[in-house]
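Labels below follow one simple rule: chain letters A, B, ... track the order of the sequence lines, proteins then strands, and each chain is numbered from 1. Quick note: numbers below take in every heavy atom, side chains included, and nothing from hydrogens, waters or symmetry partners.
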Amino acid sequence: TQLLEQSPQFLSIQEGENLTVYCNSSSVFSSLQWYRQEPGEGPVLLVTVVTGGEVKKLKRLTFQFGDARKDSSLHITAAQPGDTGLYLCAGAGNNDMRFGAGTRLTVKP
Amino acid sequence: DAGVIQSPRHEVTEMGQEVTLRCKPISGHDYLFWYRQTMMRGLELLIYFNNNVPIDDSGMPEDRFSAKMPNASFSTLKIQPSEPRDSAVYFCASSPSANNEQFFGPGTRLTVL
């Protein structure tokens, strides 16, 4: 059983479309991180959100942490083929961090 | 900074053989994590160390798996004997703390025939 549930598991869209992926849990986290993993590489941190309700923007990517610090979303505007990859969320507790299974995004030119 | 270094990058072995995966964490990072990634199960935490001491090995699948960290700059994950279901990509990551950003190595793709 995944502590963090990510949805959808797979997403295939055309270049220029917008999308949102979700990360949900019944647990409260002290912080939540989003990573992107490209084929043949390890995950790389995109952003960390700490405060309930926090919104962070990274160019075309918008990250939101839920008010109760149990869930998060990632919205991509005008997706590009370079956004293709596996998006992982990770929730931090007091002494550990656990990853969701990820959303595998494909952006077609 | 070379980042986290893992070797080998690819390993193909036959069922029953011993497999040893190696990891060099980023200098100064006190935490080292071993993960296994498959399409079916995603990224699974196997074990993590703090200052070379194993803290949580509850993710280690069974006794065939063992991990050591003899010093701050080196860790191994050993599978003996290996089985086809162990085929996966194994990642090592290091971090300054247990719940901070983790820096991942490039992974070792293991295939057990």
Peer 1: Could you please state which residues from residues 12-30 of chain A sit under 4.5 angstrom from chain B, measuring non-hydrogen atom to non-hydrogen atom, sorted by number, or 'none'?
Peer 2: A:S30
Peer 1: Might you confirm whether atom CG of B:D63 has over 12 heavy atoms from other residues, nucleotides or ligands at distances under 6.0 Å?
Peer 2: no
Peer 1: Check each atom of A:E41 against the heavy atoms of chain B and say whether the ones under 4.5 Å are side chain, backbone, both or neither.
Peer 2: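 Just the backbone, heavy atoms under 4.5 Å.
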Peer 1: Need one label for B:R9: side chain, backbone, both or neither, based on atoms under 4.5 Å from any heavy atom in chain A.
Peer 2: side chain
Peer 1: Using side-chain hydrogen bond (donor to acceptor under 3.5 Å, both in side chains) as the criterion, list what pairs up with A:Q6, not counting sequence neighbours.
Peer 2: none
Peer 1: Counting heavy-atom pairs closer than 4.5 Å to chain A, which one of B:A98, B:P106, B:S97 comes out on top?
Peer 2: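 Option with the top pair count is B:A98.
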Peer 1: Just how far is it from atom CZ of A:R98 to atom CD of B:E44, taken to the nearest 0.5 Å?
Peer 2: 11.0 Å
Peer 1: Under 3.5 Å, side chain of B:Y48 to main-chain N/O of A:D96, donor-acceptor pair present?
Peer 2: no
Peer 1: Hydrophobic cluster membership, with links at side-chain heavy-atom distances under 4.5 Å among I/L/V/M/F/W/Y: are B:F33 and B:V89 in one?
Peer 2: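 Both belong to a single hydrophobic cluster.
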Peer 1: With the 4.5 Å side-chain cut-off for hydrophobic clustering, are B:L45 and B:L32 part of the same group?
Peer 2: no
Peer 1: Measure across A:Y35 and B:Q102 and return the closest heavy-atom pair with its distance rounded to 0.1 Å.
Peer 2: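 Result for this residue pair: OH-N, 3.0 Å.
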Peer 1: Taking B:N99 for its side chain and A:M97 for its backbone only, find out whether a donor-acceptor pair lies under 3.5 Å.
Peer 2: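 Here the side-chain-to-backbone pair does not exist.
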Peer 1: Which residues pass the ring-ring contact (aromatic ring centres under 6.0 Å, His included) test with B:Y31, sequence neighbours left out?
Peer 2: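 Residues passing ring-ring contact (aromatic ring centres under 6.0 Å, His included) with B:Y31: none at all.
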Peer 1: Please report the C-alpha distance between B:F104 and A:Q37 in whole Å, then the side-chain angles of each, then the deciding distance to 0.1 Å, and finally whether the side chain to side chain contact (heavy atoms under 4.5 Å, CB included) criterion is met.
Peer 2: CA-CA 10 Å; B:F104 284 78; A:Q37 183 180 13; over 6 Å; no
Peer 1: Taking B:M15 as the starting point, is it possible to reach B:I79 by hopping between hydrophobic residues whose side chains are less than 4.5 Å apart?
Peer 2: yes
Peer 1: With hydrophobic residues grouped by side-chain heavy-atom distances under 4.5 Å, do B:L46 and B:L110 end up in a single group?
Peer 2: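 They do share one cluster, since a chain of ILVMFWY contacts under 4.5 Å joins B:L46 to B:L110.
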Peer 1: Which bit of B:D56 is near chain A, if near means a heavy-atom gap under 4.5 Å: side chain, backbone, both or neither?
Peer 2: side chain
Peer 1: For residues 43-59 of chain A, dump all side-chain donor-acceptor pairs below 3.5 Å to protein atoms at least two apart in sequence or in another chain.
Peer 2:
{"unit_1": "A:E54", "atom_1": "OE1", "unit_2": "A:V50", "atom_2": "N", "d": "2.7"}
{"unit_1": "A:E54", "atom_1": "OE1", "unit_2": "A:T51", "atom_2": "N", "d": "2.9"}
{"unit_1": "A:K56", "atom_1": "NZ", "unit_2": "A:T48", "atom_2": "O", "d": "2.8"}

Peer 1: Assess the residue pair B:Q37 and A:F99 against the criterion (side chain to side chain contact (heavy atoms under 4.5 Å, CB included)); give the C-alpha distance rounded to whole Å, side-chain angles, the decisive distance to 0.1 Å, and a yes or no.
Peer 2: CA-CA 11 Å; B:Q37 186 176 44; A:F99 282 81; over 6 Å; no
